[in-house]
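Worksheet: one structure, shown below.
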Amino acid sequence: QPIINIKNMKIFGYEGLARFYLTSGEDVSPEIVFASLHQFPDLLFEYEYLCKQFQLEHAPVDAKIFINLDQDSFFSYSGGAKQNPLLNLFLQYKDQLVVEITENSKIIDALHSQKAIAVLTQNGISTAIDDALKPNSIFSSSILPKVDFIKLDKYVVGSDYREKVHLMNYVYELIDQTHRMGKRAILEGIETLNDLAFARELGVDFVQGFHFRDKFKIIKKASS
């Protein structure tokens, strides 16, 4: 999925997404898949490695590549950090790679997220905090100075946020704080021109969503 620079409407990067289907073709929620994988740490690590390897090997080479990382999978590897195959894979692509990590809804997830971000940053790999402001998701203020990007969840675009002044004040303040720290903000969930106008009003740097789906198809066709 393309990530668009809101100032010039050019593609800044792409997010590699994983989708799951039954043999019947029916969609399976990634949350269900990962909840199952968490019961088997070794399998979780192997899945994450193979998925990220595939995404990076098939990614465009002329733009930033954003990929999601399950922090539990990163620490499922029993060896030291320097020997971690995921870290070594990321190092091969670090000039164009941005690793997205979500703090989720448990304190232990937040601690693992911050530890993973520290390891990645120490190795020169750019990072982003994903799903910021998503309902029931932790977002600790201490993590913002440690990442390069903050990705605002698609819920910010929804009416639950837009129609509540106190929530919108917090969104504006978070974006302003992001910029004061020299970081950049990405708003997900852009599906209409109205959503795009809303993103401009907020003052985010980049946008992402299904509104750009047709343009993405043209780019893929042209580059194939």
Exercise. Give a yes or no on this: more than 12 heavy atoms of other residues, nucleotides or ligands lie within 6.0 Å of atom OH of Tyr172.
Key: yes

Quiz prompt | Contact check, side chains of Ile67 and Glu100, non-hydrogen atoms, under 4.5 Å | solution = no

Quiz item: Does the Asp70 side chain pair with the main chain of Asp72, one donor and one acceptor, at a distance under 3.5 Å?
Solution: yes

Quiz item: Which heavy atom of Val28 sits nearest a heavy atom of Val33, and at what distance?
Solution: CG1-CG2, 3.9 Å

Quiz item: Taking it one step at a time, do Val99 and Phe90 satisfy side chain to side chain contact (heavy atoms under 4.5 Å, CB included)?
Solution: CA-CA 9 Å; Val99 177; Phe90 295 160; 4.1 Å; yes

Quiz item: So, for His166 and Tyr170, is the gap between ring centers shorter than 6.0 Å?
Solution: no

Quiz item: Pick from Leu37, Leu43, Leu44: which one makes a side chain to side chain contact (heavy atoms under 4.5 Å, CB included) with Ser73?
Solution: Leu44

Self-check item: Candidates Lys7, His179, Lys183 - the one meeting side chain to side chain donor-acceptor pair (under 3.5 Å) with Asp205
Solution: His179

Quiz prompt | Closest non-hydrogen atom pair, Val171 against Val156 | solution = CG1-CG1, 4.0 Å

Exercise. Just do the side chain to side chain contact (heavy atoms under 4.5 Å, CB included) check on Leu89 and Leu56 with the steps written out, would you?
Key: CA-CA 9 Å; Leu89 174 65; Leu56 290 169; 4.0 Å; yes

Quiz item: Is it true that the side chains of Lys151 and Gln208 contain a donor and an acceptor less than 3.5 Å apart?
Solution: yes

Exercise. Hey, could you give me the CD/NE2 distance between Gln53 and His58, rounded to the nearest 0.5 Å?
Key: 10.0 Å

Quiz item: To the nearest 0.5 Å, how far apart are CD in Gln1 and CG in Leu17?
Solution: 5.5 Å

Self-check item: Reported CG-to-CG distance for the pair Asp153 and Asp131, which is rounded to 0.5 angstrom
Solution: 4.5 Å

Quiz item: Of the non-hydrogen atoms in Gly13 and Ala63, which two are nearest, and what is the gap between them?
Solution: CA-CB, 3.8 Å

Self-check item: Lys64 NZ/CZ over Tyr14 ring centroid, <6.0 Å and within 45° of normal
Solution: no

Quiz item: Given the rule in the side chain to side chain contact (heavy atoms under 4.5 Å, CB included) test, do Glu188 and Leu152 qualify, once you have shown the distances and angles that lead to the verdict?
Solution: CA-CA 6 Å; Glu188 300 178 308; Leu152 302 173; over 6 Å; no

Quiz prompt | Short side-chain donor-acceptor distance under 3.5 Å, Asn68 and Glu15 | solution = yes

Exercise. Test Asn123 against Leu91 for side chain to side chain contact (heavy atoms under 4.5 Å, CB included), laying out the working first.
Key: CA-CA 8 Å; Asn123 285 275; Leu91 287 171; 3.9 Å; yes

Self-check item: Pair Tyr93-Gln55, side-chain donor/acceptor within less than 3.5 Å
Solution: no

Quiz prompt | Note: Glu57-Lys52 ion pair, threshold 4.0 Å (strictly below) | solution = no

Exercise. Hey, could you give me the CG/CD1 distance between Leu87 and Ile125, rounded to the nearest 0.5 Å?
Key: 5.0 Å

Practice problem: Kindly compute the distance separating CD1 (Ile175) from CG (Leu202), expressed to the nearest 0.5 Å. | Solution: 4.5 Å

Quiz item: If you group Ile, Leu, Val, Met, Phe, Trp and Tyr by side-chain heavy-atom gaps below 4.5 Å, do Ile11 and Phe212 land in one group?
Solution: yes

Exercise. Please report the closest heavy-atom contact between Ala18 and Tyr47, naming both atoms and the distance.
Key: CB-OH, 3.5 Å

Quiz item: Is the Phe12 ring parallel, tilted or perpendicular to the Phe206 ring (thresholds 30°, 60°)?
Solution: parallel

Exercise. Give a yes or no on whether the backbone of Thr102 and the side-chain of Ser113 come within a donor-acceptor separation of less than 3.5 Å.
Key: yes

Quiz prompt | Pairs meeting criterion ring-ring contact (aromatic ring centres under 6.0 Å, His included) with involvement of residues 180-204, two or more places apart | solution = none

Quiz item: Quick one: does Ser36's side chain have a donor or acceptor within less than 3.5 Å of a partner on Ile32's backbone?
Solution: yes

Quiz item: Going by heavy atoms in the side chains, are Lys10 and Ile4 under 4.5 Å from each other?
Solution: no

Quiz item: Are there more than 12 heavy atoms of other residues, nucleotides or ligands under 6.0 Å from atom CD of Gln83?
Solution: yes

Quiz item: So, does Asn84 use its side chain to make a donor-acceptor pair with the main chain of Phe74 at under 3.5 Å?
Solution: yes

Quiz item: Transitively linked via ILVMFWY side-chain contacts under 4.5 Å: Leu144 with Ile186?
Solution: no

Practice problem: Report whether Ile3 and Leu193 are members of the same hydrophobic cluster (ILVMFWY, side-chain heavy atoms less than 4.5 Å apart, transitive linking). | Solution: no

Practice problem: Check whether the ring centres of Tyr77 and Tyr49 lie less than 6.0 Å apart, and answer yes or no. | Solution: no

Quiz item: Are Phe66 and Phe149 close enough that their ring centers fall under 6.0 Å?
Solution: yes

Quiz item: Out of curiosity, Leu22 CG to Asp27 CG, how far, rounded to the nearest 0.5 Å?
Solution: 8.5 Å

Quiz item: Does Ile6 offer a backbone N or O that forms a donor-acceptor pair with the side chain of Arg200 under 3.5 Å?
Solution: yes

Quiz item: Would Asp195 and His211 count as having a side-chain donor-acceptor pair, cut-off 3.5 Å?
Solution: no

Self-check item: For Ala199 against Val207, the heavy-atom pair lying closest together
Solution: CB-CG1, 3.5 Å

Quiz item: Where do Phe75 and Phe45 land on the ring-ring contact (aromatic ring centres under 6.0 Å, His included) test, with the steps shown first?
Solution: CA-CA 8 Å; Phe75 293 110; Phe45 179 85; over 10 Å; no

Practice problem: Would you kindly confirm whether Ile65 and Ile117 end up in one hydrophobic cluster when ILVMFWY residues are joined by side chain heavy atoms under 4.5 Å apart? | Solution: yes

Quiz item: More than 12 non-hydrogen atoms from neighbouring residues, nucleotides or ligands closer than 6.0 Å to CD on Glu46, yes or no?
Solution: no

